[in-house]
Number of protein chains: 2
Amino acid sequence: MTQTPAGRRSQRATILDVAAAAGVSRQTVTRAMNDMPGIKTETRQRIQEVARELGYTPSRFAKGLVQGARTSVGLAIPDLTNPYFPAFASSVVEQATQRGWQVVMDDYGHGGRNGLDAVEHLAPHVDAVIGYLGGYAGQAQAILGRRPLIVLDEEPGSAAGAITFDYRHAAELAIGRLQGVGCSRIAYVDSVRAPEKRALEIRAPEDLNSGNRPSSAGGSAETVAHGRGADDGFVTSRGRAFAAVLEESYGGAFRCSAVAVEESASESRTAVRELLALQPGIDGIVAFNDLVASGVLKALSDAGKRVPEDCLVIGMDGIPLGEQLSPELTTLSLDLREVGRTAVELLDGLLGGTLAAGSAESRLILRHRLVVRQSA
Amino acid sequence: MTQTPAGRRSQRATILDVAAAAGVSRQTVTRAMNDMPGIKTETRQRIQEVARELGYTPSRFAKGLVQGARTSVGLAIPDLTNPYFPAFASSVVEQATQRGWQVVMDDYGHGGRNGLDAVEHLAPHVDAVIGYLGGYAGQAQAILGRRPLIVLDEEPGSAAGAITFDYRHAAELAIGRLQGVGCSRIAYVDSVRAPEKRALEIRAPEDLNSGNRPSSAGGSAETVAHGRGADDGFVTSRGRAFAAVLEESYGGAFRCSAVAVEESASESRTAVRELLALQPGIDGIVAFNDLVASGVLKALSDAGKRVPEDCLVIGMDGIPLGEQLSPELTTLSLDLREVGRTAVELLDGLLGGTLAAGSAESRLILRHRLVVRQSA
DNA sequence: AGTGGAAACGTGAACGTTCACGGGCTGGGT
DNA sequence: ACCCAGCCCGTGAACGTTCACGTTTCCACT
């Protein structure tokens, strides 16, 4: 034995410690630990026993250095507590595991961090990132360099891959439904992501109560948003899509009002309660998502309105909660497991080289699907 | 330059490639990339530019090897889709991130894997594991060797740390509540974890409809469970705790019946519907968790029973869903963020050496708290 | 011009493992 | 007695980075 594992300050046992203790060489220990051939069964067992006693755990760094990396993907999610994300995260983990990848996860919603912080935190440890970054696609891709980034629900910018949603199509589905049953006064309840922390408030929509505004010709479509701090009325791309489709569909005979609240049922409840007090005639409400829609249902109940008799309600994204509500929520459903699967497939293509970063094929657009239940 | 980065087959650019391209040495590149002092600003910028062009990303393995590992913890979770887990997972990630740790996550619920598979998958990449393993604490700790394992809701066995729950206390809270308002016929709706896939079915409880059984003296407490494949009536520790407390509290004047279903609202709904058809007199139901309780509410509604007027319902674990139901669900609430935080604190103690693996201090017992809302 | 000293940069060594060899032993055949 | 094959085991090299030094460059002050 010319190997001298002695005299080190390291706490961890190394392969040399095991080799010395068992009276063999490094390579033999490697053979024993990794079930390789070319070693006597007796020796193998003795070495494994010694390793167990010493509490030896192979260094993942040394292993990775010599063997070449197993791929590990970072998963950045704003808030696992939001029922939208678990199905997505679960699906990503499942798909990654199937490919033998590992997933390093960051839920950046707490502690005032944002999507960029998450990517900075993940970057040193991963070969790629998938995530809802909320607008940092460009900067995040810069941090990652050549390593692929898949962003979701966001302008891709320089990101290697992206999955976005056809909100225009979703809006057409929902409004088609409401229009079909004759709704005439529709409200859209928008929402902003918590990290932005914009203090949005509802203002009295005088213009809607007191007839037409001077600026708009009598009977023309009219879209009014109540929200402070938003550069335009509808702050989200969801909201914008709805506004556009509403104008087109109801040209001439429609009024829409919108409130923007933080993404939670209780916020939504109080906001919509106030809205209903000001505009009792509303007979159809589309919500930013099912969580917000849940608050809408409560608010309608508070106001003594029955769903769907007095007012229809349509949610969005189709989280499991919707089925448990009464009335069961009609929603624009998104198969979030499919979204996760698709994201991993995209990444697989990018890592494998069959897909070019930033190419048209790496930009996918997914569609919502109308699931009709009781509320509309 | 005696450094010769040429003639390698490696795809990835190494620090030597950057050094050669920039006409400097390894160490200078290191200084540039890690914002260390002792380098001219101009040189630093030039190197960073070169690194960007070459798509250089430092090898996390080489870095980890020489610098000593940043700790990374594995997080094993049966099913993120189950609303019980996201708050826990989110909290673990938050706490770990605060300490500068990274979290490698495995959601092992899909594809027929179990908690042991998850630990095997995580083991090569992590310094410790936190997880709901569903009964594999011993074998998992064996795989991890000296590296600490924190198990939740499970007999700790040889695991370094553990968090369990005082189901006895929870049962006392719930039954105390029901007893206080005079419930006389209580059902407990139990559940088994999906991975077990035990086919449990409801059988007609003749003994409860047709008076006393011969084996039990008239009027004595009687606990009947309907479930095939369970060695005893109540298959879960939650169920066992409830059975015990029910017997003691209602000694002489009580009848309890239980069904065991898979953990889902729809399964629960059909199961309880059948149960109510057989035993219409039930006036209080405690459910395995809020998801199951949600199905119970639906079943009661199906049967024309009003909650809480005709029958009280108490859920368990206090997931956000409960507040959105109508009636809002009274539940035995668990602060899952606190559970996650506590798990990480335990791990912190174990890694730091201030806590001994397997010691009494590394075994924590947390309690549920009764949150009274509308359903009871 | 000489000198001191800081700033800028370079070089051997080490981290812990696997890969690609190479060597010794054993046993069975000619 | 010799050789060869097959098994078992050991040794140098390499993976890519940082650490701890050592060396050079540069400037200011005497």
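In what follows, chains carry the letters A, B, and so on, assigned in the order in which the sequence lines appear, proteins first and then strands, with residues in each chain numbered from 1.
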Just how far, in rounded Å, is [atom2] of [N] from [atom1] of [X]?
X	N	atom1	atom2	answer
B/Leu65	D/dC15	CG	P	14 Å
B/Lys63	C/dG16	NZ	P	19 Å
B/Ile15	C/dC9	CD1	P	15 Å
B/Gln27	C/dG12	CD	P	13 Å
A/Arg26	C/dG16	CZ	P	13 Å
B/Leu16	C/dG10	CG	P	12 Å
A/Met33	D/dC9	CE	C1'	18 Å

message: List the residues meeting side-chain contact (heavy atoms from CB on, under 4.5 Å) with A/Asp348, not counting sequence neighbours, and say none if there are none.
response: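 Per chain and number, A/Asp348 pairs via side-chain contact (heavy atoms from CB on, under 4.5 Å) with A/Arg99, A/Trp101.
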message: Check the phosphate of C/dG10 against B/Thr28, side-chain N and O only, distance under 4.0 Å to OP1 or OP2. Yes or no?
response: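 Result: yes.
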field: Short side-chain N/O contact from B/Ser59 to OP1 or OP2 of D/dG16, under 4.0 Å
entry: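 No, no such contact exists.
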message: Check A/Asp127 with A/Arg70, please: is the shortest side-chain N to carboxylate O separation under 4.0 Å?
response: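 Result for this pair is no, no salt bridge flagged.
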field: B/Asp17 bridged to B/Arg12 by N-O distance under 4.0 Å
entry: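 So B/Asp17 does not pair with B/Arg12 through a salt bridge.
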- request: Check DNA chain C against residues 39-51 of chain B and give the residues with a non-hydrogen atom under 4.0 Å, in numerical order.
  value: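 The stretch gives B/Ile39, B/Lys40, B/Thr43 as the residues lying under 4.0 Å from the strand, ordered by number.
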Among [options], the one nearest [X] by side-chain distance:
X	options	value
B/Arg31	D/dT18, D/dT11, C/dC9	C/dC9
B/Met36	C/dG16, D/dT11, D/dC19	D/dC19
A/Val66	D/dT11, D/dC15, D/dT18	D/dC15
B/Thr14	C/dT17, C/dG10, D/dG16	D/dG16
A/Gln67	C/dT17, D/dT18, C/dC19	C/dC19

- request: Kindly determine whether A/Val24 and A/Arg46 satisfy side chain to side chain contact (heavy atoms under 4.5 Å, CB included), including the steps that lead there.
  value: CA-CA 11 Å; A/Val24 295; A/Arg46 180 165 48 90; 4.3 Å; yes
- prompt: Going by atom types alone, do B/Ser25 and B/Gln27 pair a side-chain donor with an acceptor below 3.5 Å?
  reply: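 Distance-only check fails for B/Ser25 and B/Gln27.
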- prompt: With distance as the sole criterion, is a donor-acceptor pair present between the side chains of B/Arg337 and B/Ser90 under 3.5 Å?
  reply: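 Per modelled atom types, B/Arg337 and B/Ser90 side chains form a pair under 3.5 Å.
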task: Select base, sugar-phosphate, or nothing to describe what B/Pro58 touches, counting heavy atoms under 4.0 Å on all strands.
output: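 B/Pro58: backbone/sugar contact only, no base atoms under 4.0 Å.
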query: Contact class for B/Thr30 (heavy atom, under 4.0 Å): base, sugar-phosphate, or nothing?
result: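 Here B/Thr30 touches the bases of the nucleic acid.
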Return a table of donor-acceptor pairs under 3.5 angstrom between the side chains of residues 135-149 of chain B and protein atoms on other chains or two or more places apart.
residue: B/Tyr136; atom: OH; partner: B/Asn114; partner atom: ND2; Å: 3.1
residue: B/Gln141; atom: OE1; partner: B/Ala160; partner atom: N; Å: 2.9
residue: B/Gln141; atom: NE2; partner: B/Gly145; partner atom: O; Å: 3.0
residue: B/Gln141; atom: NE2; partner: B/Arg147; partner atom: O; Å: 3.0
residue: B/Arg146; atom: NH2; partner: A/Glu53; partner atom: O; Å: 2.5
residue: B/Arg147; atom: NE; partner: B/Leu144; partner atom: O; Å: 3.1
residue: B/Arg147; atom: NH1; partner: B/Ala123; partner atom: O; Å: 2.6
residue: B/Arg147; atom: NH1; partner: B/Val126; partner atom: O; Å: 2.9

query: Does A/Glu154 have any salt bridge (charged side-chain N to carboxylate O under 4.0 Å, His left out) partners at least two apart in sequence or in another chain, and if so, which?
result: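 For A/Glu154 there are no salt bridge (charged side-chain N to carboxylate O under 4.0 Å, His left out) partners, ignoring immediate neighbours.
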Residue list, salt bridge (charged side-chain N to carboxylate O under 4.0 Å, His left out) with B/Asp107, at least two apart or on another chain: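 Result, salt bridge (charged side-chain N to carboxylate O under 4.0 Å, His left out) vs B/Asp107: none returned.
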- request: Quick one: pull up CG in A/Asp106 and CE in B/Met105 and give me the separation to the nearest 0.5 Å.
  value: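 With rounding to 0.5 Å, CG (A/Asp106) is 13.0 Å from CE (B/Met105).
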message: With each end axis built from five pairs of C1' atoms, what bend angle do you get for the helix from C/dA1-D/dT30 to C/dT30-D/dA1? Round to 10°.
response: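 The value is 60°.
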query: Under 3.5 Å, is there an N or O donor on one side and an acceptor on the other linking the side chain of A/Arg60 and the base of C/dG16?
result: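 Under the 3.5 Å cut-off, the side chain and the base do not form any donor-acceptor pair.
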